[in-house]
Amino acid sequence: MSKLIQGYEVVIGFETHTQLATSSKIFSRASTAFGAEPNTQAAPVDLALPGTLPVMNKGAVECAIKLGLALGSTIAEKSIFARKNYFYPDLPKGYQISQFEIPVVQGGSVEFFLGEQPKTVHLVRAHLEEDAGKSLHEDFIGQSGIDLNRAGTPLLEIVTEPDMHSSDEAVAYAKELHKIVTWIGICDGNMQEGSFRCDANVSVHKPNTPLGTRREIKNLNSFKFMQQAIDFEIRWQIEQIEDGKKIQQATVLFDPDTGETRAMRTKEDAADYRYFPDPDLPPLHVAPSWVNQVKATMPELPRVMAARFVSEYGLPEYDANQLTQSQAMAAYFEDAAKACGQSKLASNWVMGEISRRLNQDEKTFEQCPVSAVCLGELLNRVHASSINVQAARTLLDRLWSGELKYDNGRFILELEGHGSITKSLLMGDLIVELGLGQINDSGALEKIIEEVLAANPDNVAQFKAGKDKAFNALVGQAMKASKGKANPQQVNDMLRSKLGA
Ligand code: ADP
Ligand code: MG
C-alpha cells in the first residue's frame, strides 16, 4: 500500500533516454564525441541529404542486448524501425527513426532498495532511436542556428510501467537505472551533458478509482531537480483537483530557478506522429547466438556482486549494497580486503574515510590518490594494533596529499627541510620514523592514566557523580598525553577499572 498525500495516491512512470557509449552514430560513421564545433560531426545521413541511406550501428544493438540481459528482459529476435513524423528545425529529415510497435527490448524489471524496503519497477520496453540536433540561440546577434552534431546519436529509451508512487521511489529508481547502465558500460552516465535524461509521467487519483490524467515532466537531468519537480507537480495537481479543475494531459518543463513546472505544450498522441515502418531499414535480427556472445562479455552485475560480498566476505547487506555503487568502488574494496584479510575493517574504511575524502575532493574511486593495496597495508597495522586509528588517519592524510608515496610495498618519505631528498621505508620502519607506533604497553599506559587522574580531579568527581561525559573527557586527556598513540581500547578499560566503574 503506498502512502497517500491528502487522500490521493501518486502514480509515476518513467521514460529515460540513455545516450549509448558508442564512438560513432546510430546510422552513420560520424563521431558522437561531446563538445565539438557545431556541424563538424554530421555525416550526409545526419544532415538528411537526399539519396543517403542509414546503416545500423552494430555496437548500438549490442548496448540494447546488454541492457536486456541486465534487466531480465526478452530480447526480440526481430524488431522493427519506424519513422516518427514531426516538424522541428533540429530535425532535417522531418522524422525521427525510432522503434514503435516492436522494440528490441521487451519487459524486464529494475530492483532496488528504498531504505530497508525492496522495490521492483517493471519495464514496458526499451527501444533504439536516434537523437535530434540542437537549436542554438545566439542572443548577441539576434539569430538562431542549428547544430547537427547530436543528430543521429544513438539513444536507448527505457520505459517503465506506472509502478512508482512517490518522488523518493522515482529518484531511487532513476539512481538504480543510472548505476546499471554505467556499470554495464552502455552509457557514460554524464547527466550534465545530457547522456541520461529522464521524463517523469506524474498523475494523482483517489484510491480505488481509475488512474488520473498524467503530465509529463521533460528532460530531468539531475536527481535533485527530479525530486523537486515531481514534488511540485504532485502538489500542483492535487491543488487543481481540489479547486474543481481537470488535469489536462500535457508536457511540462521544470524551472530550477522558480522550483515550478510549467506547461510547454499539450501532449501529442501516438497517432499524431503517423508512425510507419521505415522502408530504408530492414527488420533488426538478433539471433540467440549473438545474445549468448554478448552475455559472455557481461560483468558481474551489482546485485549479484552484493550477494557475493555477503557470502564471501561475511559483510552485512548494508555494506554490500554501499560498496557496489560503482565497479571502481567495489574493486577498490575487494583489493583492500584481500591486501589486509580484514573484510569488515576494509569495508568501514572504504565506505567511511576513503569515500568522505573522495567526496570532498569531488573525485571518483578511479581517481583515488591512495591505492587499495596501500590502504590494505595501513589496515593490516591497525588490525595488528601496531598503530591506532588516529595514526592510520595521519598516514592517510600524508598519502592523500602526496607528501608520502607508496610504491610496491615501500613508502617514500620526503625528509623535512631536505627538499628533494627522500627515504624509502617498509611500513614497520615508517611507523618508527614518524613516531606513530601505538602504545600497547600497560606499564606505560598506567603511568599516563595515573597522571591524568591526578591532574583532573574535577572530571573524576563528575564521573563518580554519574556524568558519563566526564569519562570521555578523561579518555581524551589520556590520548592527548600519549600524543594520540595510546591504544584507545586499553585506555578505556584501564580507566574504567581505576575508577571502579
Ligand atoms: P506515450 O508513449 O504516449 O508517452 P505511454 O503509454 O507509452 O505513452 O506511457 C508513457 C509513460 O507514462 C510510461 O512510463 C507509463 O508508465 C506512464 N504512464 C502511463 N499512464 C500513466 C498515468 N496515468 N500516470 C502516470 N504515469 C503514467
Ligand atoms: Mg513517450
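Start at 1 and go down the list; that is how both ligands and their atoms are numbered. Only a predicted model underlies this, so the values are computations on that prediction, with no experimental measurement involved.
For R308 and E334, the salt-bridge test passes: some basic side-chain N is under 4.0 Å from an acidic carboxylate O. A salt bridge does not link D147 with K134: every distance from a Lys NZ or Arg NE/NH1/NH2 to an Asp or Glu carboxylate oxygen is 4.0 Å or more. A salt bridge links R303 to E111: one of the charged nitrogens lies within less than 4.0 Å of a carboxylate oxygen. One finds a salt bridge joining R83 and D280 here, because a Lys/Arg side-chain nitrogen approaches an Asp/Glu carboxylate oxygen to under 4.0 Å.
Of all the atoms in ligand 1, the ones that sit under 4.0 Å from a non-hydrogen atom of V159 are 13 (C), 14 (O). Distances below 4.0 Å separate heavy atoms of L211 from the following atoms of ligand 1: 23 (N). Short contacts between ligand 1 and G212, defined as distances under 4.0 Å to a heavy atom of the residue, involve ligand atoms 23 (N). Here is the list of ligand 1 atoms found below 4.0 Å of a heavy atom in F14: 14 (O).
Residue contacts with ligand 1 for V11 involve both N, CA, C or O and side-chain atoms from C-beta outward (heavy atoms, distance under 4.0 Å). At a heavy-atom distance under 4.0 Å, atoms from both the backbone and the side chain of N201 approach ligand 1.
In this structure, a donor-acceptor pair under 3.5 Å is absent between the side chains of T213 and Q249.
With E161, R214, E15, E216 as candidates, the residue nearest to atom 8 (O) of ligand 1 on a non-hydrogen basis is R214.
Inclusion of I12 in the set of residues having an N or O under 3.5 Å from an N or O of ligand 1 is not warranted. When only interatomic distances are considered, the shortest N/O to N/O separation between P162 and ligand 1 falls below 3.5 Å.
Taking the six-membered ring where the residue is Trp, Y173 and F14 present perpendicular rings, their angle passing 60° and hence far from 30°.
Judged by the 6.0 Å and 45° rule, K175 forms a cation-pi pair with F223.
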